[in-house]
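Single-structure report; data block below.
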Amino acid sequence: MRWLGLDWDEGPDAGGTHGPYRQSERLELYRAGADDLLSQGRAYRCFCAPAALEAERRAAHAAGLPPKYSGRCRTIDPADAVARVAAGEAAAVRFAVPPDREVTFHDLVRGDVTFNTRVIGDPVIVRSTGVPAYNFAVVVDDARMAITHVIRGEDHISNTPRQILLYEAIGATSPAFGHLSLVLGPDHAPLSKRHGATSVMEFRERGYLPEALVNYLALLGWSPGENEELVSVAEMARRFDLAAVSHSAAVFDTGKLAWMNRHYMKEAAPSRLANDALPYFVRAGQVTTESDASRAFVESLLPMTVGSVDRVEEMPERLAFLFAWDPSRAADLVRAEPDGVRAVTAFGAAIAGAGPLDREAFRTAATRAREATGLKGRALFHPIRVALTAADSGPELDLAVPAIDRGAALGPGSGVAPIRSCADRAAAVVERVSCL
RNA sequence: GUCCCCAUCGUCCAGCGGUCAGGACGCGGCCCUUUCAAGGCCGAGACCCGGGUUCGAUUCCCGGUGGGGACGCCA
C-alpha cells in the first residue's frame with residue numbers, strides 16, 4: 001500500500017489508540033467476548049466431529065436444502081457441556097442465530113439487502129483449539145476499534161447478516177457496510193493465481209509504475225466523471241464517491257493497464273525511471289555494477305524505450321541490440337535486403353574514421369550513403385538498421401546509433417557490459433558480406 | 001440445490017424518461033517519420049429477452065435468461 005502511495009491512520013507500525021493491532025495479541029478480548037455470549041445463552045458449545053458435519057452438509061445438498069449446520073448441539077444443557085469440556089472433550093463455540101428473522105442492512109453501494117436467518121447456520125465463533133474464527137474476530141475488533149465503515153469484496157456480502165447479528169449480540173452498533181464487486185480474469189472467473197500476477201508486489205516486480213496500477217485499479221468499477229481516465233491518488237481522494245461505484249464485476253484488462261503504464265512512464269522523471277530500471281539491466285547482464293556511470297548510461301537510453309515498451313521490465317530486451325550484436329546474423333539480415341549490401345557498404349564507408357556518431361554525424365553519414373547509392377527511405381535505412389542492431393525492429397536509428405557509440409566509448413570499469421561501436425559493426429558486416 | 005448480488009460496444013467506464021447512445025483500451029485505415037515504435041486524424045463496434053408503467057423506455061416496475069458470490073472449526 002505504501003508503494004501505491006496509499007496510507008492509513010492506525011496500525012501496528014502507524015500507532016494509534018485502539019491497539020493492539022495484531023489478532024495474536026488480542027486473544028484475551030475474543031475469549032472474553034465469547035464467554036459473555038456463552039453466559040447469556042447466545043452461544044453454545046458444539047461437540048460435533050468435523051466428519052459428521054461434512055456428512056450432514058452432503059446430505060443437505062443432496063436433499064436440495066441449504067447446507068447449513070443443524071444446530072444439534074444447541075439443545076445440550078450448558079451444565080453438561082461444561083462438564084464434558086472439563087472432562088477433556090473438544091468443543092467449539094457456536095453463535096446461536098435467532099430463528100426466522102429478517103436482517104436488513106443498507107449497503108453503501110447496493111442499497112438495502114435482506115437475508116432471512118433461516119438460511120444462516122450457527123457459525124463457529126471459537127474453534128475447538130481456542131482460536132477465534134474470522135467472523136467473530138472481525139466483529140470484536142471492529143467494535144472495539146470504533147470502525148465506522150467496512151468496505152470489502154462482494155464475496156463478503158453474505159457474511160454481513162451474521163456479523164450484524166454478532167454486533168447486536170455483543171451490544172455494539174454495527175458499522176456501515178459497502179460491498180464492491182469482484183475483479184474477474186479474461187475468462188470471467190474471479191482473478192486468481194492462474195491468471196498471472198495478482199498481488200501488488202508482483203505487479204511491482206514486473207515493472208509497472210505504482211501510479212499506473214492505482215489509477216487503473218480505481219477505474220475498475222469507478223469513473224471520475226465524464227470522459228476522464230488519468231487521475232492521481234490525491235485527485236481520486238477528492239473525487240471518489242462510494243455511491244458512484246459500479247455494481248457489476250469488471251474484467252481485468254492487461255492491455256489497458258499496459259497503455260496506462262506507458263503513459264506514466266512518459267511522465268516519470270528520467271532519473272527515477274533509470275533507478276527503477278537498473279536492477280533489470282543488471283539481471284540481464286547488460287549492467288555489471290550499479291555505478292553512477294551505469295545509472296547515467298541507462299538514463300541516457302530511456303528515450304529509446306519509454307513509450308515503446310509496456311513495462312520497465314521489458315527495457316533490457318528492447319535494448320538487447322546494444323550488447324548482443326551478432327555479426328553473422330547481422331550479415332544474413334543485410335543480405336536478405338534487396339540493396340542491403342550496397343547500402344551498408346556505402347554507410348560503412350561514410351562513417352569510417354568519423355569518430356563517435358551523434359545524431360548529426362549519423363544524419364550526415366546517411367546523406368552521404370544516399371548520394372553514393374541513390375537509395376533512400378526504407379531501402380537505405382532498413383539494411384543499416386539490421387547491420388547495426390542485428391534485429392529488424394527497434395528504436396529509431398538516429399537514437400540508436402548515438403547510443404551504440406556512447407556505450408562503446410565506455411571503458412571496462414564503467415559498470416556497463418562491453419558494446420561494439422557502429423564503425424566496428426559496419427566494418428564487420430561489410431567484410432562478411434563482401435566475401436561473396 | 002437454496003439464498004444473495006449483478007446485466008450499455010470484445011473490455012473498462014459515461015448515460016440517470018425524449019441523446020445521431022459519449023469516452024478510453026484493443027482493432028482497421030490514413031497522416032507524420034528518408035526505417036520501428038510513439039503521436040495525430042478517421043472508422044467499424046453495444047443498450048440480454050419478455051411483459052408492464054408512460055405520449056415516449058437503454059433509463060422505472062415485474063418475470064425470465066445469463067453471469068457472479070455465499071452456504072467451513074478459511075479468511
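So that the names make sense, note that chain A is the first sequence line, chain B the second, and so on, each numbered from 1. For clarity, every value in this text was computed on a predicted model and none was experimentally measured.
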ask   = Using a cut-off of less than 4.0 Å, is there contact between a side-chain N or O of Arg368(A) and OP1 or OP2 of rU34(B)?
value = no
rU11(B) to rG67(B) separation - C1' atoms, rounded to the nearest Å = 16 Å
message = The side chain of Pro67(A) is closest to which nucleotide in this list: rC71(B), rC73(B), rC6(B)?
response = rC71(B)
ask   = Which residue pairs satisfy the salt bridge (charged side-chain N to carboxylate O under 4.0 Å, His left out) criterion with at least one member in residues 75-93 of chain A, sequence neighbours excluded?
value = Arg84(A)-Glu89(A)
query = So what does Ala49(A) hit on the nucleic acid, given a heavy-atom distance under 4.0 Å: a base, only sugar-phosphate, or nothing?
reply = nothing
request  = Calculate the interatomic distance between Phe105(A) atom CZ and rC3(B) atom P; express it in whole Å.
outcome  = 17 Å
request  = List for me each residue that meets side-chain hydrogen bond (donor to acceptor under 3.5 Å, both in side chains) alongside Thr367(A), sequence neighbours excluded, and say none if there are none.
outcome  = none
inquiry  = Can you tell me the base-pairing partner of rU53(B)? Count Watson-Crick or G-U wobble geometry only, both distances below 3.5 Å, and say none if there is no partner.
reply    = none
request  = Look at the rings of Phe240(A) and Trp222(A) and say which category their plane angle falls in: under 30° parallel, 30 to 60° tilted, over 60° perpendicular.
outcome  = tilted
inquiry  = Please report the distance separating the P of rA57(B) from the corresponding atom of rU2(B), rounded so that it comes out in whole Å.
reply    = 35 Å
message = If I take atom NE2 in residue His247(A) and atom P in nucleotide rC13(B), what distance separates them, rounded to the nearest angstrom?
response = 12 Å
task = Find which nucleotide of RNA chain B each of Leu375(A) and Gly221(A) is nearest to by heavy atoms, and output the residue with the more 5' nucleotide.
result = Gly221(A)
task = Considering only atom P, compute the distance from rG28(B) to rU19(B) and round it to an integer number of Å.
result = 34 Å
message = Out of the candidates Tyr216(A), Phe203(A), Trp259(A), only one should pair with Tyr208(A) under the ring pair (Phe, Tyr, Trp, His ring centres under 6.0 Å) rule; please name it.
response = Phe203(A)
Just the atom pairs and distances: protein N or O near nucleotides 36-44 of chain B's N or O, under 3.5 Å.
| residue | atom | partner | partner atom | Å |
| --- | --- | --- | --- | --- |
| rC36(B) | O2 | Arg318(A) | NH2 | 3.2 |
| rC36(B) | O2 | Gly394(A) | O | 2.3 |
| rC36(B) | N4 | Glu396(A) | OE2 | 3.3 |
| rA38(B) | O3' | Lys266(A) | NZ | 3.3 |
| rG39(B) | OP1 | Lys266(A) | NZ | 3.2 |

task = Rounded to whole angstrom, note down the C1' distance from rA37(B) over to rA75(B).
result = 45 Å
query = Taking only residues two or more places apart in sequence, or in another chain, which ones meet Gln286(A) in a side-chain hydrogen bond (donor to acceptor under 3.5 Å, both in side chains)?
reply = none
request  = Whole angstrom is fine here: how far is it from CG in Leu108(A) over to P in rC5(B)?
outcome  = 16 Å
key: Whole-angstrom distance between rC30(B) and rG66(B), as gauged at atom P   = 44 Å
request  = Using a cut-off of 6.0 Å, state whether more than 12 heavy atoms not belonging to Asp9(A) lie near its atom CG.
outcome  = no
Heavy-atom side-chain contact between Pro132(A) and Leu27(A) under 4.5 Å = yes
query = Applying a 3.5 Å limit to both distances, which nucleotide forms a Watson-Crick or G-U wobble pair with rC16(B)?
reply = none
message = Which residues in residues 84-104 of chain A have a heavy atom closer than 4.0 Å to any atom of RNA chain B?
response = Ala92(A), Arg94(A)
inquiry  = Is it the case that the side chains of Asp122(A) and Tyr44(A) hold a donor-acceptor pair, with the cut-off being a distance below 3.5 Å and no angle test?
reply    = yes
request  = Scan side-chain atoms only and decide if Arg152(A) and Thr160(A) contain a donor-acceptor pair under the 3.5 Å cut-off.
outcome  = yes
key: salt bridge (charged side-chain N to carboxylate O under 4.0 Å, His left out) contacts in which one or both residues fall within residues 139-148 of chain A, not counting sequence neighbours   = Arg26(A)-Asp141(A)
remark   = Under a 3.5 Å limit on both distances, the Watson-Crick or wobble mate of rG43(B) is rC27(B)
task = Starting from the 5' end of RNA chain B, give me the residue, Phe47(A) or Thr367(A), whose nearest nucleotide shows up first.
result = Thr367(A)
ask   = Can you name the one residue among Met265(A), Arg204(A), Arg206(A) that meets side-chain contact (heavy atoms from CB on, under 4.5 Å) with Val312(A)?
value = Met265(A)
ask   = According to the salt bridge (charged side-chain N to carboxylate O under 4.0 Å, His left out) rule, which pairs have a member within residues 155-169 of chain A, sequence neighbours left out?
value = Arg101(A)-Glu168(A)
ask   = Taking the P atom of each, how far is rG40(B) from rG26(B), in whole Å?
value = 11 Å
ask   = At under 4.0 Å between heavy atoms, what does Ser181(A) touch on the DNA or RNA strands: base, sugar-phosphate, or nothing?
value = nothing
key: Minimum-distance nucleotide (side-chain atoms of Val119(A) versus rU2(B), rA14(B), rC6(B))   = rU2(B)
task = May I have the distance from Asn135(A) (atom CG) to rC73(B) (atom C1'), rounded to whole angstrom?
result = 12 Å
Residues forming a side-chain hydrogen bond (donor to acceptor under 3.5 Å, both in side chains) with Tyr69(A), sequence neighbours excluded = none
query = How far does the C1' atom of rU34(B) sit from the matching atom of rC25(B), given to the nearest Å?
reply = 32 Å
query = Which whole number of Å gives the distance between the C1' atom of rG22(B) and that of rA46(B)?
reply = 12 Å
request  = Identify, with sequence neighbours excluded, every residue that meets side-chain hydrogen bond (donor to acceptor under 3.5 Å, both in side chains) alongside Glu10(A).
outcome  = Tyr21(A)
message = My understanding is that a pair needs two contacts under 3.5 Å, Watson-Crick or G-U wobble. By that rule, which nucleotide pairs with rA38(B)?
response = none
Between C1' of rA24(B) and CG of Asp253(A), the distance in whole Å = 10 Å
remark   = Closest to the side chain of Glu229(A), out of rG23(B), rC13(B), rA75(B), is rG23(B)
task = Write out all pairs satisfying salt bridge (charged side-chain N to carboxylate O under 4.0 Å, His left out) with one or both partners inside residues 47-70 of chain A, taking only residues at least two apart or from two chains.
result = Glu54(A)-Arg57(A), Glu54(A)-Arg58(A), Glu56(A)-Arg72(A)
remark   = Mate of rG66(B) across any strand shown (Watson-Crick or G-U wobble, both atom pairs under 3.5 Å) is rC6(B)
Contact state string [nucleotides 65-70 of chain B, B base, S sugar-phosphate only, - no protein heavy atom under 4.0 Å] = ---SSS
task = Quick one: label Ser128(A) by what it contacts on the DNA or RNA (base, sugar-phosphate, nothing), any heavy atom closer than 4.0 Å.
result = base
key: Side-chain donor-acceptor contact under 3.5 Å, Ser199(A) with Glu202(A)   = yes
key: Identity of whatever pairs with rU33(B) - Watson-Crick or G-U, under 3.5 angstrom   = none
Between the protein and nucleotides 58-64 of chain B, are there any N/O to N/O pairs under 3.5 Å, and if so, what are the atom names and distances?
none

